[in-house]
Number of protein chains: 2
Amino acid sequence: MNKLPGKTVERLSEYRRQLLGCLAENKSYIYSHDLAGLLHITAVQVRRDLMLIGYSSVLRKGYDIRELIDTIGRIIDYDEGLNVAIIGIGNLGRAVTGYFRGKRSKLNIIASFDTDPQKVNKVISGVKCFHTQDMEKMIREMDIRIAILTIPADYAKSMAEEIVRHGIKGILNFTTVPLNVPSGVYLEEYDMITSIEKVAYYVKENKV
Amino acid sequence: MNKLPGKTVERLSEYRRQLLGCLAENKSYIYSHDLAGLLHITAVQVRRDLMLIGYSSVLRKGYDIRELIDTIGRIIDYDEGLNVAIIGIGNLGRAVTGYFRGKRSKLNIIASFDTDPQKVNKVISGVKCFHTQDMEKMIREMDIRIAILTIPADYAKSMAEEIVRHGIKGILNFTTVPLNVPSGVYLEEYDMITSIEKVAYYVKENKV
DNA sequence: GAAATATTGTTAACTTTATAACACAAACTC
DNA sequence: GAGTTTGTGTTATAAAGTTAACAATATTTC
Ligand SMILES: NC(=O)c1ccc[n+]([C@@H]2O[C@H](COP(=O)([O-])OP(=O)(O)OC[C@H]3O[C@@H](n4cnc5c(N)ncnc54)[C@H](O)[C@@H]3O)[C@@H](O)[C@H]2O)c1
Ligand SMILES: NC(=O)c1ccc[n+]([C@@H]2O[C@H](COP(=O)([O-])OP(=O)(O)OC[C@H]3O[C@@H](n4cnc5c(N)ncnc54)[C@H](O)[C@@H]3O)[C@@H](O)[C@H]2O)c1
């Protein structure tokens, strides 16, 4: 499977999440337009995405939910799973970690790192917290490849450099600081303020 | 100013955030390529966005940071400001609220709503928490137009319907539940799992 | 003060992403 | 069992978004 459009990758993740919800409701088939409705997109978009990953429906019955979940998994998951660490287990770090727990996935948050002695060596949101001093050791020992950055902005830059040195290959950065990573490391950033300002813009312009 | 591309709106928000950071460092001018660097995009992109909003630089000195911040504000902000409420002041709600505080903006989180008696009537992350029973009254009284949904998934659907009835015009939905809003209400959704799965995909494919 | 340099604004070309069009096949319909 | 319906896979078309190209102009250099 060579290079899916980035947007398709995002939607595959969302399809799967919604499909898992459907499974929980004991459905076993779903039509493209129903799946589309869950994501607020068009049925054509769904069919096109699924075409790209080569998945075919049972004609006129829609897509086999369980099979589709597996197919998506084969595309976007790392076979053996990938280990993830949270760096900075404050409010946001706990929200992320708690959210992940229970959600099955090949992605496991298996450690958090913090400097606060109140937190170090405790289990927080179901995940053991280590001191950042031990980061190098733990990242290698636990084979952690992805880090989620939820520390105060001031430390973000040097922290990013450090974890990249220790072998992290992907970073989801929630701090507002512009990070620079070497090629070979994938960086994704998200800022809620952008989302809310966008909402505000459309509310203001009254465009919906 | 008629209908900017959605992506441009997002970037304007990001430009402003970075520009405010620059102001804090006592810079007063910035070149397109420097601003671009902060967002990991190209200088051309920056120039094109700023062209769209009709802002011109002082030639060869770059953009006047303070002026640009104001110009962006005139485009994306609501003149009198817009009031925002957090619904569900748990881990994520507190993270969002705390993050907003101090960030100047025409967007003010002025209330939170929850059902937990431990939280109601307390000030949490600097914002007063009200009981959801009083939501209708408070939304109208405080002229709240935008809501951020951070409640357990099960309640999301009915909550969305309720707040729309009470006059909310924009929703930022962090629950994983597919919401349906009537036209006239703008809905934005975000899911961290999508972000992380995307990171994982690119790490796996080793495309950077 | 002519030449070189740096940086912008804008049009045009390109790429990516989304939508539309439509032929096709299973499953009803009568 | 011919005809309609329904929902798909795919190719074609359009829209959105990005990058490239380049003329224009203030500043520096010599
Ligand atoms: N992008 C977004 O949408 C968004 C939203 C909310 C918060 N944030 C940002 O996320 C970060 C965390 O926010 P929060 O509300 O969880 O803050 P917080 O203060 O609750 O948590 C920060 C945590 O990081 C720990 N920490 C501090 N320095 C550290 C270091 N050098 N190494 C490791 N850990 C360290 C602290 O002990 C604390 O546990 C902030 O930078 C905030 O601005 C971003
Ligand atoms: N989209 C994302 O990226 C993302 C990330 C983290 C969490 N989440 C989701 O956000 C939600 C909140 O997560 P959290 O970690 O803050 O959970 P939490 O349990 O810490 O907080 C939930 C809060 O909602 C309150 N609440 C419960 N029922 C309510 C109701 N009917 N009306 C008003 N308030 C009510 C609770 O009292 C609590 O304060 C969950 O649905 C979670 O799945 C989404």
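Throughout, protein chains are lettered first and strands after them, A, B, ... in sequence-line order, and every chain is numbered starting at 1. These numbers were taken from a predicted model, which means no experiment stands behind them.
- Side-chain contact annotation: Y99(B) with T176(A), donor-acceptor N/O pair under 3.5 Å present.
- You'll find that the side chain of R48(B) is closest to dT19(D), out of dT19(D), dT19(C), dG7(D).
- Side-chain N/O atoms of E188(B) and Y186(B) include a donor and acceptor closer than 3.5 Å.
- Within the structure, every side-chain polar atom (N or O) of S57(B) is placed at least 4.0 Å from both OP1 and OP2 of dT7(C).
- Residue H33(A) contributes atom NE2, which lies 18 Å from atom C1' of dT19(C) at whole-angstrom precision.
- One interatomic measurement links the two molecules: CD1 of I41(B) to P of dT18(D), which rounds to 8 Å at whole-angstrom precision.
- In terms of position along DNA chain C, the nucleotide closest to Y31(B) lies nearer the 5' end than the nucleotide closest to the other residue of the pair Y31(B) and V44(B).
- For Y29(B), no side-chain nitrogen or oxygen approaches OP1 or OP2 of dA6(C) to under 4.0 Å.
- Taking every side-chain heavy atom of Y63(B) into account, dG9(C) is the closest of dT8(D), dA20(D), dG9(C).
- An OP1 or OP2 oxygen of dT7(C) is reached within less than 4.0 angstrom by no side-chain nitrogen or oxygen of S32(B).
- With no hydrogens or angles considered, a side-chain donor-acceptor pair links R17(B) and T194(A) at under 3.5 Å.
- A salt bridge links R145(A) with D143(A): the distance from a Lys NZ or Arg NE/NH1/NH2 to an Asp or Glu carboxylate oxygen falls below 4.0 Å.
- Distance CG (D34(A)) to P (dT8(D)): 9 Å, rounded to an integer number of Å.
- Note on R140(A) versus E136(A): salt bridge recorded, some NZ/NE/NH1/NH2 to OD/OE distance being below 4.0 Å.
- One atom, CG of D49(A), and another, P of dT19(C), lie 11 Å apart when rounded to the nearest Å.
- Checking dG9(D), dA18(C), dA12(C) against every side-chain atom of R11(A), the shortest atom distance belongs to dA18(C).
- Rounded to whole Å, the distance from CG on L35(B) to C1' on dT7(C) is 14 Å.
- Distance, L4(A) CG to dT16(C) P: 13 Å, rounded to whole Å.
- Neither OP1 nor OP2 of dA18(C) sits under 4.0 Å from any side-chain N or O of R47(A).
- Q45(B) has its CD atom 14 Å from the C1' atom of dC14(C), to the nearest Å.
- In the set dT10(D), dT11(C), dT7(C), the nucleotide with an atom closest to the side chain of M51(A) is dT10(D).
- Distances shorter than 4.0 Å separate none of the side-chain N or O atoms of S56(B) from OP1 or OP2 on dT8(C).
- Set against dG17(D), dA18(C), dT8(D), the side chain of K7(B) has dG17(D) as its closest nucleotide.
- Atom C1' of nucleotide dT7(C) and atom CD1 of I30(B) are separated by 14 Å, given to the nearest angstrom.
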